[in-house]
Amino acid sequence: MIIAAAFRESNPRLGILAGIMAGGLLLLLVAMFRLQVLQAASFSDREEAQSLRRIRIPSARGEIVDRNGVLLANNRPSYDVVIQLDQLRATKRQDIWKVASSNLAVLAETMQMPVTLRESAVRNHYRRRRPLPLTVWRDLPPAAVAAFQERVNDVTGVDLVATPVRQYPLGMVAAHVLGFVGKADGNDEEDEEYTYYLPDSIGKQGIEKTYDECLRGAPGGRSIRVNPTGRTVNEIGVKPAERGDRLTLTIDARIQNIVENAMERAPLPAGKELRGAAVVLDPRSGAVLAMSSMPMFDPNLFTPGRSAAELAPILSNPGSPLLNRAIGARYAPGSTFKPITTLAILGAGIATHDASDCAGSLQIGNRSFGCWNRRGHGHVDAAAALRWSCDVWFYQKGMATKVDRIAQMASAFGLGQVTGLDLEGEKPGLVPTPDWKRARLRESWFDGDTAQLSMGQSFLLTTPLQMASVTAALANRGTVWRPYLVQKIASADGTPIHDRRPEIARQVRVPAEQMEFVRQAMLAVVQAPDGTGRRAAIEGVAVAGKTGTAEFDELVDGQRRRIKRTWFIAFAPFEAPTVALAVMFEDGDSGGGTVAPVVGHILAGIFDSKVGNLISDRGLHAD
């Protein structure tokens, strides 16, 4: 020992080496203390985060009901058979298909139903979405559900789950108003808060789309712990999803049914397809009582999971059944525009008794403009011009009034723009002017353009909703309401969220006596024996209205054919109107012959009355 000590004292390098080793050991001890003591919580949190997974639970959509509480849209359970790949004991990742296909084969044999899952789908799901169930069969019928519960109890990883699916109890009723739901598109953002994302059904059209945020509700979540291989170890907690809000519409399901049934029975000419639209408003508030578009479709067919073959008849239909013609298509209104022209004419100082002689046509420049009654109406004043819908009177007085005054009156009623309805897809109308024609077509405005505009043609375009809004303003003597569809919004537990109040969009400023003259003339259109709209008369209720037919040539398969947009607008009861409506068919015979009977049936149904006795035409063609 004395020798060793003496040796160390004589060799200072050993002392330095010992110091270095002691310092390194001290640094190691400090590092271990920092990792195991000071930073233990941090590493524990990191390990916790790496082993925790959050799964998004979609919410059930809120109900949609009519103004009387009739269910228009709710949810039903879809009984789906799923396989939980996470529960299968695959020794290697590539073995998952062997294990899963074996279980699926047993399931198929037991249930006597084919399994169409492919190997690629199973492997991809196992690799990316293992904790989530993989659907084998969707929406089993009751007999298959009972068979599953009786027979399938020992197939590993196979479960029966109930998934909420959107349904429309009344089928096609108000389909274009309600719309439908579908799967989220690929570009819809996923919530970064969740590891695995089960998307909601989202609104694709109609109220379902416009109010999707309210109807969709709030998603829930499920937290699980997984081991290093990704297998679920246990469940940490569950946050239930919150059901979406309940929407109460202004739609009256009874009136909606009446409208749709009447339109389906329209007396269209032979060979004509049923394409048209109707809107019924409350002229006291602008509430939409009914809105229909033909042809219709069943929104239940768009339930997620439906095959392309089931949807093909709708998507490939040349009649475009998904198009809401009430708001999304524009048409020349024909003679239903004449009440507006009349107000412009009276506002220009032309007296109601200022008459014209109608011989069946009028020469304007180098062109002859015909009246719908080729034999002529004879001596016609303003009241008779509306009652008989005499085109020649409107040609003459319209040109005397000038285009700007007519266009201004049309704009005062809200034409040329959207109404502001709370439903996506509304198109603005078009009220043409000389400036518009010069800018758009680089052409001058001619007297012939004014003559055609005066009787609702030229370049004038409107939607059925806009014409229903015009009719409501005539009914209530000048108030243009903003039409609306959603009356109330409440949470799932019934707590009120929003209660819509009627909103005035504009006032039509015309002398009361002029407005009343037009209203009385519209009353005669329906109630007088020689009125063009007499087929809309019903027993016990005074109905005012106006027929309309807009004609133009259409090129079909290289051949020109004459198309007639046939219209009818009406309000009732005359003294204190509660309904105002516009009905249009894309290709009918005439407003009085095709549409007036439909309006008569609609009003008879609404007021629980009978269609009035129809007077024989005896050769009188109804505009």
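L485 is listed as a side-chain neighbour of I251, based on a closest heavy-atom distance under 4.5 Å. Looking only at side-chain heavy atoms (C-beta outward), K204 and I202 come within less than 4.5 Å of each other. At least one side-chain heavy atom of N476 sits less than 4.5 Å from a side-chain heavy atom of T479. Inter-residue side-chain proximity for L415 and V470 is flagged as met; some heavy-atom pair is nearer than 4.5 Å. At least one side-chain heavy atom of L85 sits less than 4.5 Å from a side-chain heavy atom of H125. Put simply, the side chain of H498 reaches to within 4.5 Å of the side chain of R500, judged on heavy atoms. Side chains of V611 and H601 form a contact here, defined as non-hydrogen atoms less than 4.5 Å apart. Using a 4.5 Å cut-off on side-chain heavy atoms (C-beta onward), L140 and W137 make contact.
Atom NZ in K427 sits 10.5 Å away from atom OG1 in T463 (nearest 0.5 Å). In this structure, OG in S292 is found 9.0 Å from CG in N324, a value given to the nearest 0.5 Å. Atom CG in L581 sits 12.5 Å away from atom CE in M291 (nearest 0.5 Å). In this structure, T110 OG1 and E150 CD are separated by 12.5 Å, a value rounded to the nearest 0.5 Å. With values rounded to the nearest 0.5 angstrom, L178 atom CG is found 8.5 Å from Q256 atom CD. One distance of note links CZ of R330 with CG of L430; it measures 6.0 Å at 0.5 Å rounding.
Nearest heavy-atom pair across L423 and H176 is CD2-O, 4.4 Å. Among all heavy-atom pairs drawn from A580 and A468, the shortest one is CB-O, 4.4 Å. Between P464 and A582, the shortest heavy-atom distance links the atoms O-CB, 3.6 Å. Considering all non-hydrogen atoms of both residues, W97 and V122 come closest at CZ3-CG2, 3.6 Å. Minimum interatomic distance between A492 and G244 (heavy atoms only, all atoms of both residues): CB-O, 4.0 Å. Contact record, T156 with N103: O-ND2, 2.8 Å, taken as the closest heavy-atom pair.
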Exercise. Please step through side chain to side chain contact (heavy atoms under 4.5 Å, CB included) for the pair V152 and M111, ending with a clear verdict.
Key: CA-CA 8 Å; V152 181; M111 291 292 294; 3.9 Å; yes
Practice problem: Tell me, with the steps shown, if E208 and R166 meet salt bridge (Lys or Arg N to Asp or Glu O under 4.0 Å). | Solution: CA-CA 10 Å; E208 294 278 22; R166 200 60 160 169; 2.8 Å; yes
Practice problem: Test Y484 against T419 for side chain to side chain contact (heavy atoms under 4.5 Å, CB included), laying out the working first. | Solution: CA-CA 9 Å; Y484 64 102; T419 65; over 6 Å; no
Exercise. Apply side chain to side chain contact (heavy atoms under 4.5 Å, CB included) to R482 and I504, showing your working.
Key: CA-CA 6 Å; R482 187 180 304 281; I504 296 176; over 6 Å; no
Quiz item: Should T594 and V598 be marked as a side chain to side chain contact (heavy atoms under 4.5 Å, CB included) after you check the CA-CA gap, both sets of side-chain angles, and the distance that decides it?
Solution: CA-CA 7 Å; T594 303; V598 174; 5.9 Å; no
Quiz prompt | Chi angles and distances behind the salt bridge (Lys or Arg N to Asp or Glu O under 4.0 Å) call for R76, D139 | solution = CA-CA 10 Å; R76 64 171 178 81; D139 208 5; 2.7 Å; yes
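Every residue meeting the side chain to side chain contact (heavy atoms under 4.5 Å, CB included) condition with Q417, not counting sequence neighbours, appears here in chain and number order: R506. Evaluation of the side chain to side chain contact (heavy atoms under 4.5 Å, CB included) rule for T495 yields S491, D493 as partners, not counting sequence neighbours. Listed by chain and residue number, nothing satisfies the salt bridge (charged side-chain N to carboxylate O under 4.0 Å, His left out) test with K488 (two or more places apart in sequence, or in another chain).
Salt bridge R325/E586: present, at least one basic N to carboxylate O contact under 4.0 Å. Salt bridge R123/E119: present, at least one basic N to carboxylate O contact under 4.0 Å. A salt bridge does not link D245 to R216: none of the charged side-chain nitrogens sits closer than 4.0 Å to a carboxylate oxygen.
Under the side chain to side chain contact (heavy atoms under 4.5 Å, CB included) test applied with Y168, the options L72, N300, L301, T303 reduce to a single match, N300. Partner of V177 under the side chain to side chain contact (heavy atoms under 4.5 Å, CB included) criterion, out of I64, I207, D66: I207 alone. Partner of V82 under the side chain to side chain contact (heavy atoms under 4.5 Å, CB included) criterion, chosen from V136, V158, T135, L160: T135.
At least one donor-acceptor pair under 3.5 Å links the side chain of T210 to the backbone N or O of E424. S320 contributes no side-chain N or O that, together with a main-chain N or O of L322, makes up a donor-acceptor pair within less than 3.5 Å. Side chain of S469 to backbone of L465: no donor-acceptor contact under 3.5 angstrom is found. Listed for the E426 side chain is no donor-acceptor partner under 3.5 Å among the backbone atoms of G328. Remark: the backbone N or O of I327 is not paired with any side-chain donor or acceptor of Q466 at under 3.5 angstrom. In terms of modelled atom types and a separation under 3.5 Å, the side chain of D587 and the main chain of K272 share no donor-acceptor contact. In terms of modelled atom types and a separation under 3.5 Å, the side chain of N75 and the main chain of R61 share a donor-acceptor contact. In this structure, D282 contributes its side chain and R284 its backbone to a donor-acceptor pair below 3.5 Å. Between the side chain of D212 and the backbone N or O of G203, at least one donor-acceptor pair lies under 3.5 Å. In terms of modelled atom types and a separation under 3.5 Å, the side chain of S102 and the main chain of V99 share no donor-acceptor contact.
For the 3.5 Å distance criterion, the side chains of N124 and R127 qualify, holding a donor opposite an acceptor. Side-chain contact annotation: N74 with Q167, donor-acceptor N/O pair under 3.5 Å present.
For OH of Y79, the number of neighbouring non-hydrogen atoms (other residues, nucleotides, ligands) closer than 6.0 Å is 12 at most. Counting heavy-atom neighbours within 6.0 Å of E213 CD, excluding the residue itself, gives a total of 12 or less.
The aromatic rings of F297 and F180 stand perpendicular to each other, their planes meeting at an angle above 60°, with 30° marking the opposite boundary.
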